[in-house]
Every structure is written in structure tokens, then in C-alpha cells.
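Side chains included, hydrogens not; waters and symmetry mates left out as well; all remaining heavy atoms used.
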Amino acid sequence: MNAFQFSCSSPDFTIRTAPDGTVFRANRAKLAAGSELIPYPLLSPLFDLLDKYDVTASYVNTIADHLKRNAPQHPLQIYSLAHRLSLTNTNLLPIASYASQFLLSPPLESYTLDEIDENFPSLRAYHRLTLLHAHRKEKLREVLITEQLFPHDYGLCVKHSEASRTIWAAHKRSMEARITAGIDLPAEMAIVKGSFTSCPTCELACDRAIAMMQYKVNKIAYTFDRVPGAM
């Protein structure tokens, strides 16, 4: 959902954002119950109000839940806002970490200086994402390099093993230069499977290697709270 396409089937009040003057129609009960998602442009002023007035923890938790639920659609904005808010409410830092999993692509070097100034409220916010990207690239490279087609000759194809290992190794070398934090490594390696379809033994070995690679990739940190030194 685009924040500026937010709609409500039974609105009973309107909210106007500053400074752009965008008007949102909403329903008080549905927003409170969480059945309608508060669009992210409203979250910052709402948190400012919560900070200004002495409200119960349940209201804070409700708005925090909307902050988290916006992350998949607006990860950079939520990452930035959660980091800024965490300076006065550390309970919101996990939401920034949650949003970081949706920021594995594009590579950080693709951001312009203006985008960095606009979306990273502190050096810590930028550095945490840098650590996450670096950690994932390192671990993904380790998985790629160490995964063998016939580990310890298990499932070895006597007839094609040398040629198949050469093909597997060549595809791994081509992949190594293209590793990014957000790459789907098993899916990229699965492309080589087409080279083994004429031999059921080699094809099975490729399937097993890719499945093991997927298992290892799933264990790699995808949020910064799981990266050493990032918290």
C-alpha cells in the first residue's frame, strides 16, 4: 500500500499532514484496533504527540505496531524514523532492526549523498546497515566458496565427476564477483542445474548442494541486531 493511497471504508475524522497538507480519512476505532494501517507520514507527528502528552503504554505500543507494519512497504523511511525515535525510546530500536531486513538491496554504495543525508538520522543508523551488509556478504561468500558438488565424494558420479565439478566451480567463481547483501545465492546457483540434466546422478548432486546452501544461507543474519558489534 502506498501511503498516499491510504483509504478508509467508514471514516469518521480526517488528519492533515504538515507541511504538504495531505489529508487522510480514517476511523478512530479501526486505527486503535489495528485493523487499518496508519500511513507512515502520520507516524512521526503521532509519536511527537505521544512524547508531549502523558499517555498510557498501550497507546504507545499500538502506534509502535503500526510503525513496524509499515516497514515492508517503506523500509528506509521506517528505519530512519525508528532510529530517530529510539534516541528517546530505546524500545523502538528493534523496529529499526526489523526494517533493516528489507534494506539488503540495493547496495549501500548506490545511495547518493543527498539520500544518505535525508534518510540516515545518525552515523550509528548508517553504520549499523553497513555492518549488516558487510556481514552478509562475508558469510554468503563463505557459503559459496565452501559448498561442494560431491562433498567427500558423496553421491559421486564416476563418469562425469571431473567435468561436473569444473562446471560447478566455474559458476561459483562467476557468482563470487556478484555477491551483494541481498542476493538470493541458492537461486542464482540453481541456474547451473541446466548443465546437469543429462545425468540424473549429477543433477541430484546439484539439488543436494543447492539445498545445503539454502540451509546455510537461512542461518545468516538478516537484521542488524544479529550482527556482532551492531547493537
Side-chain angles (χ1 to χ4, degrees), residues 1-106 108 110-133 182 222-227 230-231:
M1 181 190 71
N2 185 300
F4 297 101
Q5 294 175 338
F6 174 78
S7 62
C8 175
S9 58
S10 54
D12 56 15
F13 77 108
T14 60
I15 307 172
R16 185 185 302 274
T17 61
D20 61 349
T22 301
V23 174
F24 297 93
R25 293 174 174 80
N27 180 283
R28 289 179 175 84
K30 289 182 178 180
L31 288 178
S35 59
E36 285 188 350
L37 185 63
I38 299 174
Y40 81 84
L42 298 180
L43 292 171
S44 182
L46 281 175
F47 273 103
D48 289 340
L49 288 173
L50 295 178
D51 188 53
K52 182 177 180 181
Y53 298 100
D54 186 19
V55 298
T56 63
S58 63
Y59 281 104
V60 177
N61 292 337
T62 296
I63 304 303
D65 179 64
H66 284 272
L67 183 67
K68 183 176 181 178
R69 288 166 56 195
N70 268 278
Q73 291 82 19
H74 310 286
L76 189 55
Q77 292 85 354
I78 299 305
Y79 181 83
S80 173
L81 179 56
H83 258 102
R84 178 175 68 81
L85 295 170
S86 71
L87 296 175
T88 55
N89 185 348
T90 57
N91 291 329
L92 297 175
L93 188 57
I95 295 179
S97 183
Y98 172 78
S100 67
Q101 68 183 294
F102 306 109
L103 295 172
L104 301 179
S105 295
L108 291 178
S110 69
Y111 288 101
T112 66
L113 292 178
D114 287 341
E115 287 172 331
I116 292 173
D117 286 341
E118 179 182 354
N119 294 295
F120 294 94
S122 67
L123 288 176
R124 283 179 178 268
Y126 183 78
H127 191 55
R128 283 179 173 129
L129 204 55
T130 300
L131 290 174
L132 175 59
H133 277 232
Y222 52 86
T223 54
F224 71 68
D225 61 339
R226 298 174 59 196
V227 176
M231 292 297 287

If every non-hydrogen atom of [X] is compared with every non-hydrogen atom of [Y], which pair is closest and at what distance?
X: Thr223; Y: Gln101; result: CG2-CB, 3.8 Å
X: Leu42; Y: Ile38; result: CB-CG2, 3.8 Å
X: Leu43; Y: Ile78; result: CD1-CD1, 4.2 Å
X: Ala125; Y: Pro121; result: CB-CD, 3.9 Å
X: Phe102; Y: Pro75; result: CB-CB, 3.5 Å

Evaluate the ring-ring contact (aromatic ring centres under 6.0 Å, His included) criterion for residues His133 and Tyr111: first the C-alpha distance (whole Å), next the side-chain angles of each, then the deciding distance (0.1 Å), finally the verdict. CA-CA 14 Å; His133 277 232; Tyr111 288 101; 8.1 Å; no

For residues [X] and [Y], determine if any side-chain heavy atom of one lies less than 4.5 Å from a side-chain heavy atom of the other.
X: Phe120; Y: Glu115; answer: no
X: Leu108; Y: Ile116; answer: no
X: Pro72; Y: Tyr98; answer: yes
X: Leu93; Y: Arg124; answer: no
X: Leu81; Y: Tyr40; answer: no

Report the distance from atom [atom1] of [X] to atom [atom2] of [Y], rounding to the nearest 0.5 Å.
X: Ser44; Y: Gln77; atom1: OG; atom2: CD; answer: 12.0 Å
X: Leu92; Y: Ile63; atom1: CG; atom2: CD1; answer: 11.0 Å
X: Thr62; Y: Leu67; atom1: OG1; atom2: CG; answer: 12.5 Å
X: Asn119; Y: Asp114; atom1: CG; atom2: CG; answer: 10.5 Å
X: Glu118; Y: Ser80; atom1: CD; atom2: OG; answer: 8.5 Å
X: Tyr126; Y: His83; atom1: OH; atom2: NE2; answer: 13.5 Å

Quick one: ring pair (Phe, Tyr, Trp, His ring centres under 6.0 Å) partners of Phe47, sequence neighbours excluded? none

Please list, chain by chain and in numerical order, all residues satisfying ring pair (Phe, Tyr, Trp, His ring centres under 6.0 Å) with Tyr222, sequence neighbours excluded. none

Determine yes or no for a side-chain-to-main-chain donor-acceptor pair under 3.5 angstrom, with Asp65 supplying the side chain and Asn61 the backbone. no

More than 12 heavy atoms of other residues, nucleotides or ligands under 6.0 Å from CZ of Arg84: is that the case? yes

